[in-house]
There are 2 protein chains.
Amino acid sequence: MDKPAARPKRTRIQREKRELIGEAALEVFSQHGFRGSTIDQIADAAGMSKPNLLYYFKNKEEIFATLIHRLMETWLAPLREMDAAGDPHTEIRSYIRRKIEMSRDFPRESRLFANEILQGAPRIFPLLEGELKELVDEKAAVIAEWMREGRLKKSDPYHFIFAIWATTQHYADFDVQVRAVLGEKRGGEGRFEDAARFLEGLFLA
Amino acid sequence: MDKPAARPKRTRIQREKRELIGEAALEVFSQHGFRGSTIDQIADAAGMSKPNLLYYFKNKEEIFATLIHRLMETWLAPLREMDAAGDPHTEIRSYIRRKIEMSRDFPRESRLFANEILQGAPRIFPLLEGELKELVDEKAAVIAEWMREGRLKKSDPYHFIFAIWATTQHYADFDVQVRAVLGEKRGGEGRFEDAARFLEGLFLA
DNA sequence: GCAATTTTTGACCGTTTGGACAAACGTTAA
DNA sequence: TTAACGTTTGTCCAAACGGTCAAAAATTGC
């Protein structure tokens, strides 16, 4: 209904190079934002010349759009996995764990996403209103049901989800600040484990 | 010890114009980030020409630096006000309230700050390690003491503070997303009040 | 082995941007 | 009135940037 999205047939090299460029672009974009990044920087990071890169992507905008759309899927996956038939505490705990793991393992993706939202989500607003809202509506209903059944402490399911997002992504997006405040001793690798434990206690009181 | 900071004597016009430029720069920088903003945009927003603006500020960097340093004070004020002698629940509740009010009333400041941290805090890292860390160390000790006395549910005081920061600032920084998900009905002005109530319940369980 | 196709490169272009500068304008106070 | 000082503007520049293009080089399919 939306778009046939006539999948362009790609050669092996095209697939590989687009992948390589995506990786390089993620590195650069997540550090400097869209406007702060240059095609030259990305080309450098990908080990190729600018015109060569532009042979694989029409322009800077298209690189960014491709990245962020791919990202959205990864990003929503953990929430999708939340199972209405499962045990509420187990489900919530797993969700928090997975989100913290994503902050630990994919901080660049998290920052790229944060950057886009901060700027007003110019490129993905339709997805927020559409796909994201639908998913959250669905899961909020699940949580609300759990609360009604007395299997989870009553509160606002939407703000409950927001709070999980905010706290878990904080450890990727505000990493510098977290490490600066925790200092040498507690700012090491263990901080994600500490965070996960704290958040489980907070949300599953 | 640090810098005599020989306060430059300014004329009335200089004070007024620098203020005007600061306001305009906040508007522009918070929307597009540092690299995404141009001096021309800021000059336009301030209703003056580019060379005129550069008569009041040496360069783009200095405008940004001035803004973000001024901002830090405002930002830390609510935490500073947390009183060790007060009632723990009242103090925490007030802190959350104040932070939510800041997200509602000064979203541009919040986004500017978030942007800076996201990029790795290139301009304010020393402040994070210094002033901010000291303040948090102090208040974390206060909270830890409250917990030891059994006047507040036990948890990690540092992550407790992080969680308050993350959740409250979320409503400024991720505003577009929050509104997109909540939709027409719940995404109106009332969302801050809803958030405040939810967060009080979450942190003061 | 060779022609067709895909990939890579260097040179180039128009625009945007941060910033410099000198000249003009306005204000103040002796 | 006038000299000194503060403010504003138009013009200009060099660098950075996004993107094009034609031609060279490499790869692929027969």
Side-chain angles (χ1 to χ4, degrees), chain A residues 6-69 112 115-116 119 122-123, chain B residues 6-69 112 115-116 119 122-123:
Chain A
R7 183 93 77 90
K9 39 188 172 237
R10 302 227 166 88
T11 67
R12 174 185 52 87
I13 292 186
Q14 273 165 359
R15 266 178 282 114
E16 287 173 4
K17 291 287 164 94
R18 281 179 66 101
E19 187 53 39
L20 184 69
I21 293 168
E23 163 64 25
L26 176 59
E27 184 69 27
V28 176
F29 279 139
S30 69
Q31 259 179 59
H32 309 288
F34 181 75
R35 283 286 312 260
S37 306
T38 71
I39 302 186
D40 268 313
Q41 280 173 26
I42 300 173
D44 270 4
M48 63 178 71
S49 67
K50 179 167 65 171
N52 195 186
L53 184 150
L54 287 169
Y55 169 72
Y56 294 104
F57 286 88
K58 208 167 83 259
N59 51 34
K60 190 176 162 184
E61 186 68 42
E62 197 196 291
I63 310 174
F64 194 89
T66 304
L67 262 188
I68 203 143
H69 277 97
L112 190 75
N115 225 306
E116 170 71 7
Q119 318 281 316
R123 292 158 253 265
Chain B
R7 182 94 77 92
K9 40 190 172 240
R10 302 228 166 86
T11 67
R12 175 184 51 85
I13 293 187
Q14 273 165 359
R15 266 179 282 114
E16 289 173 3
K17 290 289 165 91
R18 281 178 65 99
E19 187 53 41
L20 183 69
I21 292 167
E23 162 64 25
L26 176 59
E27 183 69 27
V28 175
F29 278 139
S30 69
Q31 260 178 58
H32 310 289
F34 181 74
R35 282 287 312 264
S37 307
T38 72
I39 302 186
D40 268 313
Q41 281 173 24
I42 301 173
D44 270 5
M48 64 178 69
S49 67
K50 180 168 65 170
N52 196 185
L53 184 150
L54 286 169
Y55 170 72
Y56 293 104
F57 286 89
K58 209 169 82 259
N59 51 32
K60 189 177 162 183
E61 186 68 41
E62 198 195 291
I63 310 173
F64 194 90
T66 304
L67 262 188
I68 202 142
H69 278 97
L112 190 75
N115 226 305
E116 170 70 5
Q119 319 279 315
R123 293 160 251 264

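A note on names: the letters A, B, ... follow the listed sequences, proteins ahead of strands, and every chain is numbered from 1. FYI, side chains are in, hydrogens and waters are out, and symmetry mates aren't considered; it's all heavy atoms of this structure.
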Report the distance from atom CG of Leu54(B) to atom C1' of dG18(C), rounded to the nearest whole Å. 8 Å
Output the rounded distance in Å from CG (Asn59(A)) to C1' (dT15(C)). 16 Å
Smallest separation among heavy atoms of Phe57(A) and Arg18(A), with atom names: CE2-NH2, 3.5 Å
Ile39(B) CD1 to dT17(C) P: how many Å, rounded? 11 Å
Interatomic distance, Glu62(B) CD vs dA20(C) P [rounded to whole Å]: 12 Å
Could you state the atom-to-atom distance from CZ of Arg15(A) to P of dT27(D) in whole Å? 17 Å
Look at Arg18(B) and dT7(D) and indicate whether a side-chain polar atom (N or O) is within less than 4.0 Å of OP1 or OP2. no
Classify the angle between the aromatic ring planes of Phe64(B) and Phe34(B) as parallel (below 30°), tilted (30 to 60°) or perpendicular (above 60°). perpendicular
Nucleotides 8-14 of chain C: protein proximity per nucleotide (B base, S sugar-phosphate only, - neither; heavy atom, under 4.0 Å): BBBB---
Spacing of CG belonging to Leu67(A) relative to CG belonging to Leu112(A), to within rounding of 0.5 Å: 6.0 Å
Distance, rounded to the nearest Å, where Phe57(A) contributes CZ and dT20(D) contributes C1': 19 Å
For Lys50(A), which of Asp44(A), Asp40(A), Ile42(A) qualifies under side-chain contact (heavy atoms from CB on, under 4.5 Å)? Asp40(A)
Compare side-chain N and O positions of Arg35(B) against OP1 and OP2 of dC17(D) and report whether any pair is under 4.0 Å apart. yes
Distance (rounded to the nearest 0.5 Å) between Thr66(B) OG1 and Glu61(B) CD: 9.5 Å
Tell me: CD of Glu61(B) to P of dT17(C), nearest whole Å? 18 Å
Specify the separation, in whole Å, of atom CG of Leu20(A) and atom C1' of dT7(C). 14 Å
Ser37(B) to His32(B) - nearest heavy-atom pair and separation: OG-CB, 3.6 Å
